[in-house]
Colleague: 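To start, I am sharing the structure in question, which I have written as structure tokens.
All ligand and atom numbering here is 1-based and tracks the order in the structure.
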Amino acid sequence: MASSIVLFGPPGAGKGTQAGNIVAITGKPQVSTGDMLRAALAAGTALGHEAKGYMESGQLVPDEVIIGLIEERLTQSDASDGVLFDGFPRTIAQAEALSEIADVSVVIAIEVPDSRIVARICGRYTCANCDAVYHDTFNPTQTSGICDHCGHSEMKRRADDNEETVRTRLAAYHAQTAPLADWYRHRDLFVAVDGDQDIDKVSQLISAVL
Ligand code: ADP
Ligand code: ADP
Ligand code: ZN
């Protein structure tokens with residue numbers, strides 16, 4: 001079984017921001033359950049319908065929905081050499097299911113204190129064309145409103161990136177996701193990097209792990 005990588009951390013830790021670099025180094029495709037759910041929502045599928053209320057309020061989507069989504073994704077040909085999981089697994093049940101269907105070689109945890117999270121998430125915006133991630137103050141586009149990567153001029157913000165929903169997402173993280181750190185530590189798969197520093201510094205630390 002080809003090995004996969006898990007990118008772990010609270011909402012707003014910088015998982016999506018760091019994923020591009022990891023994909024470039026490893027050649028493994030990024031599999032973001034959040035992106036997949038948002039695509040389902042935008043496409044108006046039954047799955048999107050089921051996930052909508054949870055996502056809008058900041059709660060986790062039920063495990064069986066997420067596990068089904070991942071099982072299907074891993075059957076695609078580009079996943080045969082392993083993938084980069086971003087935002088999955090988020091519960092022990094998801095990690096147990098994953099261990100049955102894929103081989104995880106390392107879990108890279110981006111650690112950021114709660115006190116930083118609201119500012120990070122409430123300033124987040126992305127390119128509507130290529131999904132490059134920016135921040136109003138910490139990582140703005142070089143030319144206002146124009147994507148550095150693709151030149152597109154339309155940016156978007158997520159409906160759930162507001163202070164109230166962030167608090168619910170952080171609570172869900174601490175109650176349901178953070179316990180996974182010990183679950184992976186016991187399996188000797190857990191590597192933590194300090195995410196409370198410049199984006200480039202975090203990239204360097206992650207490159208060293210890889
Ligand atoms: P996640 O995928 O973990 O939710 P993102 O990668 O979308 O997080 O990052 C959340 C926000 O924080 C984005 O606006 C991003 O530009 C910004 N950000 C990411 N990494 C850093 C960092 N090291 N320092 C400051 N801001 C960051
Ligand atoms: P972030 O990392 O910025 O919190 P994501 O894009 O990963 O955001 O997730 C957005 C929302 O999608 C979550 O708040 C949750 O409702 C749902 N979601 C994404 N991944 C999962 C997962 N593995 N398990 C349960 N819910 C998920
Ligand atoms: Zn772009």
Colleague: Identify the protein heavy atom lying closest to atom 23 (N) of ligand 1, giving its residue, its atom name and the separation to 0.1 Å.
Modeller: Gln197 O, 2.7 Å
Colleague: Is it the side chain, the backbone, both or neither of Gln18 that has a heavy atom closer than 4.0 Å to ligand 1?
Modeller: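 It is neither part, as no heavy atom is under 4.0 Å.
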Colleague: Nearest protein heavy atom to atom 24 (N) of ligand 1, by residue and atom, and its distance?
Modeller: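 Answer, as residue, atom name and distance: Arg120 NH2, 3.3 Å.
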Colleague: For the residue pair Phe8 and Phe190, does the interplanar ring angle fall in the parallel (under 30°), tilted (30 to 60°) or perpendicular (over 60°) class?
Modeller: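 Perpendicular, since the angle between the ring planes exceeds 60°.
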Colleague: Tell me, do Thr126 and Met155 make a side-chain contact under 4.5 Å, heavy atoms counted?
Modeller: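 No, every pair of side-chain atoms sits at 4.5 Å or beyond.
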Colleague: Tell me which one of Thr17, Asp194, Ile199, Asp161 gets a heavy atom nearest to atom 9 (O) of ligand 1.
Modeller: Thr17
Colleague: Flag Pro11 as yes when one of its N or O atoms lies below 3.5 Å from any N or O atom of ligand 1, and as no otherwise.
Modeller: no
Colleague: For ligand 2, which atoms have a heavy atom of Thr33 less than 4.0 angstrom away?
Modeller: 19 (C), 20 (N), 21 (C), 22 (C), 23 (N)
Colleague: To check your reading of the model: name the closest protein heavy atom to atom 2 (O) of ligand 1, its residue, and the distance in Å.
Modeller: Gly16 N, 2.8 Å
Colleague: For atom 8 (O) of ligand 1, grab the closest protein heavy atom and report residue, atom and distance to one decimal in Å.
Modeller: Gly14 N, 3.1 Å
Colleague: Looking at Trp183, is Arg187 sitting on its ring face, NZ or CZ under 6.0 Å from the six-membered ring centre and within 45 degrees of the normal?
Modeller: yes
Colleague: Report yes if some N/O of Arg158 lies less than 3.5 Å from some N/O of ligand 2; otherwise report no.
Modeller: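 Such a contact does occur with ligand 2.
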Colleague: Thr137: what forms a side chain to side chain donor-acceptor pair (under 3.5 Å) with it, not counting sequence neighbours?
Modeller: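 Thr137 satisfies side chain to side chain donor-acceptor pair (under 3.5 Å) with His135 once adjacent residues are dropped.
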Colleague: Can an N or O of Arg124 be found at a distance shorter than 3.5 Å from an N or O of ligand 1?
Modeller: yes
Colleague: What part of Asp196 sits under 4.0 Å from ligand 1 if we count only heavy atoms: the side chain, the backbone, both or neither?
Modeller: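 For Asp196, there is no contact with ligand 1 at all, from either part.
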Colleague: Which heavy atom of the protein is the closest neighbour of atom 14 (O) of ligand 1, given with residue, atom name and distance?
Modeller: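 Checked against all protein heavy atoms, atom 14 (O) of ligand 1 sits closest to Tyr134 O, 2.7 Å.
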Colleague: Suppose the cut-off is 2.8 Å; how many protein N/O/S atoms fall inside it around the Zn ion (ligand 3)?
Modeller: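 Near the Zn ion (ligand 3), the number of protein N, O or S atoms below 2.8 Å is 4.
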Colleague: State, yes or no, whether a side-chain contact exists between Ile70 and Leu74 at a heavy-atom distance under 4.5 Å.
Modeller: yes
Colleague: Ignoring angles and geometry beyond distance, decide whether Pro89 reaches within less than 3.5 Å of ligand 2 through its nitrogen or oxygen atoms.
Modeller: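 No: no nitrogen or oxygen of Pro89 is under 3.5 Å from one in ligand 2.
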Colleague: Say whether Ala13, considering both its backbone and side-chain N or O atoms, lies within less than 3.5 Å of an N or O atom on ligand 1.
Modeller: yes
Colleague: For ligand 2, note which part of Leu60 has a heavy atom under 4.0 Å away: side chain, backbone, both or neither.
Modeller: both
Colleague: Mark up the atoms of ligand 1 that fall under 4.0 Å of a heavy atom belonging to Asp198, in ascending order.
Modeller: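 Near Asp198, meaning under 4.0 Å from one of its heavy atoms, ligand 1 has 23 (N).
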Colleague: Could you tell me, atom by atom, which parts of ligand 2 come under 4.0 Å of a heavy atom of Gly87?
Modeller: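 The atoms of ligand 2 under 4.0 Å from a heavy atom of Gly87 are 20 (N), 21 (C), 22 (C), 23 (N).
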Colleague: Could you walk me through whether Asp136 and Arg120 pass the salt bridge (Lys or Arg N to Asp or Glu O under 4.0 Å) check?
Modeller: CA-CA 9 Å; Asp136 291 325; Arg120 281 208 187 180; over 6 Å; no
Colleague: Phe138 heavy atoms, cut-off 4.0 Å: which ligand 1 atoms fall inside?
Modeller: 25 (C), 26 (N)
Colleague: Which is closest to atom 7 (O) of ligand 2 by heavy-atom distance: Gln59, Lys15, Arg90?
Modeller: Arg90
Colleague: Is there at least one pair of N or O atoms, one from Val61 and one from ligand 2, spaced under 3.5 Å apart?
Modeller: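 So ligand 2 has an N or O lying under 3.5 Å from an N or O of Val61.
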